[in-house]
Amino acid sequence: MTHFKTLDDLGDISGKRALVRVDLNVPMADGAVTDDTRLRATLPTVTELADRGAIVLLLAHFGRPNGVQRPDMSLSLVTRAYGEVLGRPVRFIEDCQGEGAQAAVATMGPSDIGILENTRFHPGEEKNDPALATAMAELGDFYVNDAFSAAHRAHASTEGITHLLPSYAGRAMEKELNALEAALGNPERPVAAVVGGAKVSTKLDVLQNLVAKVDHLIIGGGMANTFLAARGIDVGKSLCEHDLKDTALAILDAADRANCTVHLPYDVVVAKEFAANPPSLRIVNVHEVAADEMILDVGPAAVEALADALKTCRTLVWNGPLGAFETVPFDRATVQLAQTAAALTQGGSLVSVAGGGDTVAALNHAGVADDFTFVSTAGGAFLEWMEGKELPGVAALER
Ligand code: ADP
Ligand code: MG
């Protein structure tokens with residue numbers, strides 16, 4: 001059970017200075033923000049704090065300046081876009097610590113909102129230097145972390161500062177932690193996990209953690225090929241990590257011991273060339289893959305069986321597409337299983353939580369991201385959580 005303080009635990013904060021760690025690390029092209037998802041994610045916390053009369057000071061990193069000041073990685077470049085998304089004036093403060101920043105903050109009043117300069121302009125940020133954390137903490141009366149996506153790093157603005165100021169989870173962080181707790185911390189059973197994507201090697205820790213925790217492990221994507229090969233199936237020219245066969249067998253053994261049912265595809269979509277709608281496309285039993293063919297998606301019979309398995313489950317956690325979904329028709333299994341999960345979620349029988357860069361893209365492609373219980377855009381932090389690791393930024397809030 002997770003325990004952390006939220007904005008509900010704050011008393012009267014009128015005129016108090018809130019240091020709020022957010023994720024403003026948005027993609028940009030030609031000076032414009034190309035995807036403002038992360039900016040919008042901060043709105044519930046920032047508007048609530050401002051409406052309650054706090055002086056709101058946003059702490060964030062932007063790019064990888066590696067401890068030096070880089071004008072092309074200044075958060076001043078994001079300030080105007082942020083103000084537009086927020087619909088309120090936002091000022092930019094040229095440092096995240098020190099006398100200049102203190103002087104700027106001293107001129108601010110209740111409900112004012114400011115963005116502090118890129119925390120990573122200081123080498124102490126990524127080193128979690130207590131001196132930097134102390135200098136940042138001097139700007140605020142309390143600290144709010146609303147950046148789950150940065151919580152897998154013990155940095156001065158995500159971990160160090162929590163030792164110096166009363167610390168709270170923001171609304172986005174709270175929502176994410178509650179969703180993750182419902183999915184793997186203390187889930188309703190049976191629990192299913194879908195693990196797909198390209199390679200076993202990038203998700204070994206995820207697989208090892210999940211076999212001990214879930215009732216059904218659905219393996220798809222390129223990584224399923226490694227498991228099929230480990231079981232003696234000829235996967236032809238498929239993407240396959242042959243050197244990881246023993247590891248794959250060990251994971252299957254661990255699943256057996258933990259009473260976790262592993263689902264591998266028994267029919268697959270194959271082609272001789274990796275292209276959209278290739279003429280060589282076939283749907284075959286896994287035992288019938290030819291030497292010059294590649295497995296590029298889970299087959300329709302297997303997807304139907306997976307959908308039936310999901311209907312018996314109460315909880316689903318999903319990371320990784322079932323096939324090479326960027327190329328038609330190898331998106332089909334992913335789209336169909338995602339639509340089944342979405343329908344079960346909307347019908348009230350399933351709690352569904354998904355995350356991962358390509359997974360989010362695949363769910364958007366399937367048109368169901370809004371129908372899942374929760375879709376995490378946190379990337380690295382989401383994967384580390386699926387690996388069962390403690391996230392320092394989260395642990396700091398739970399202390
Ligand atoms: P995520 O970013 O959600 O964690 P991954 O990065 O692990 O997901 O995997 C996504 C990639 O896996 C996609 O680019 C997809 O094309 C690829 N992939 C899925 N199935 C296959 C397959 N059978 N063969 C080759 N690549 C695949
Ligand atoms: Mg990826």
Side-chain angles (χ1 to χ4, degrees), residues 27 37 149 152 183 193-207 209-210 217-230 233-242 244 248 263-276 278 280-284 286 289-290 292-300 302-303 306 316-338 341 352-366 368-369 372 374-387 389:
T37 308
S149 58
H152 57 316
V194 171
V195 183
K199 291 179 169 184
V200 173
S201 52
T202 61
K203 294 189 181 170
L204 274 180
D205 292 341
V206 171
L207 292 163
N209 181 43
L210 289 179
L217 177 62
I218 295 167
I219 302 178
M223 71 172 63
N225 304 336
T226 301
F227 284 88
L228 293 171
I233 290 167
D234 185 352
V235 298
K237 272 199 316 172
S238 302
L239 176 65
C240 180
E241 293 171 288
H242 291 281
L244 286 179
H263 300 258
L264 285 166
Y266 49 81
D267 66 339
V268 286
V269 184
V270 297
K272 288 186 181 150
E273 66 273 47
F274 185 25
S280 60
L281 187 96
R282 298 200 303 146
I283 294 166
V284 296
V286 285
V289 179
D292 59 349
E293 288 180 322
M294 283 176 282
I295 300 173
L296 291 166
D297 200 12
V298 172
V303 173
L306 295 176
L316 168 68
V317 45
W318 186 328
N319 170 258
L322 293 180
F325 76 99
E326 301 94 335
T327 308
V328 285
F330 309 111
D331 59 337
R332 221 168 260 170
T334 304
V335 167
Q336 276 177 15
L337 198 65
S352 55
V353 174
D358 292 292
T359 308
V360 175
L363 296 183
N364 282 324
H365 170 71
V368 298
F372 271 53
F374 188 78
V375 176
S376 174
T377 54
F382 181 83
L383 266 188
E384 289 199 22
W385 166 77
M386 274 193 87
E387 290 168 357
K389 293 197 179 128

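Atoms within each ligand, like the ligands themselves, are counted from 1 in listed order.
Annotation for ligand 1: atoms under 4.0 Å from non-hydrogen atoms of G221 are 19 (C), 20 (N), 21 (C), 23 (N). Remark: ligand 1 atoms within the under-4.0 Å shell around heavy atoms of T359 are 1 (P), 3 (O). In summary, the atoms of ligand 1 found under 4.0 Å from a heavy atom of G356, numbered by their order in the structure, are 3 (O). Proximity to G357 (heavy-atom distance under 4.0 Å) selects the following atoms of ligand 1: 2 (O), 3 (O). Interface atoms of ligand 1 facing L296, defined by a heavy-atom separation under 4.0 Å, are 23 (N).
Within the 4.0 Å heavy-atom cutoff, T202 does not count among the residues contacting ligand 1. Distances from ligand 1 to the non-hydrogen atoms of K203 include at least one value under 4.0 Å.
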K389 vs N209, side chain to side chain donor-acceptor pair (under 3.5 Å): CA-CA, chis, key distance, verdict: CA-CA 9 Å; K389 293 197 179 128; N209 181 43; over 6 Å; no
Evaluation steps, side-chain contact (heavy atoms from CB on, under 4.5 Å), between H152 and E384: CA-CA 7 Å; H152 57 316; E384 289 199 22; 3.5 Å; yes
Worked verdict on V194 versus L316 for side-chain contact (heavy atoms from CB on, under 4.5 Å): CA-CA 8 Å; V194 171; L316 168 68; 3.9 Å; yes
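Annotation: L322 places no N or O atom under 3.5 Å from an N or O atom of ligand 1; distance criterion only. Considering backbone and side-chain atoms alike, A198 places an N or O below 3.5 Å from some N or O of ligand 1. The shortest N or O to N or O distance between G355 and ligand 1 is not under 3.5 Å. Polar contact check, N225 against ligand 1: no nitrogen or oxygen pair lies under 3.5 Å apart.
The backbone of I295, and not its side chain, has at least one atom closer than 4.0 Å to an atom of ligand 1 (non-hydrogen atoms only; backbone = N, CA, C, O). Contacts of L239 with ligand 1, taken as heavy-atom pairs under 4.0 Å, involve the side chain alone. Counting heavy atoms closer than 4.0 Å to ligand 1, residue E326 contributes side-chain atoms (C-beta onward) but none from N, CA, C or O.
For K237, the NZ atom is densely surrounded, since the number of other residues' heavy atoms within 6.0 Å is greater than 12.
Closest to atom 9 (O) of ligand 1, if we only count protein heavy atoms, is G197 CA, 3.1 Å. Looking only at heavy atoms of the protein, atom 19 (C) of ligand 1 is closest to G323 O, 3.1 Å. Here the protein heavy atom with the shortest distance to atom 6 (O) of ligand 1 is D358 OD2, 3.0 Å. When hydrogens are left out, the protein atom nearest atom 21 (C) of ligand 1 is G222 N, 3.3 Å; that is the closest non-hydrogen contact.
With contacts defined as side-chain heavy-atom distances shorter than 4.5 Å, the pair E326/D331 does not qualify. Counting heavy atoms from C-beta on, the side chains of W385 and V206 never come closer than 4.5 Å. A heavy-atom distance below 4.5 Å is not found between the side chains of Y266 and V298. Looking at L207 and V200, their side chains come closer than 4.5 Å, going by heavy atoms from C-beta outward. The shortest side-chain heavy-atom distance between L322 and L337 falls under the 4.5 Å cut-off.
Counting only distance, with no hydrogens or angles, the side chain of S238 and the backbone of C240 share no donor-acceptor pair below 3.5 Å. Under a 3.5 Å cut-off, the side chain of T327 and the backbone N or O of A275 do not form any donor-acceptor pair.
Only protein N, O or S atoms were scored, and 1 of them lie under 2.8 Å from the Mg ion (ligand 2).
With respect to F382, the side chain to side chain contact (heavy atoms under 4.5 Å, CB included) criterion is satisfied by exactly one of V360, T359, V353: V353.
In this structure, CG in L363 is found 9.0 Å from CZ in F325, a value given to the nearest 0.5 Å. Interatomic distance, CG of L383 versus OG1 of T202, reported as 7.5 Å (0.5 Å rounding).
Ion pairing of R282 with E293 is present here, as a side-chain N (NZ or NE/NH1/NH2) and a carboxylate O approach within less than 4.0 Å.
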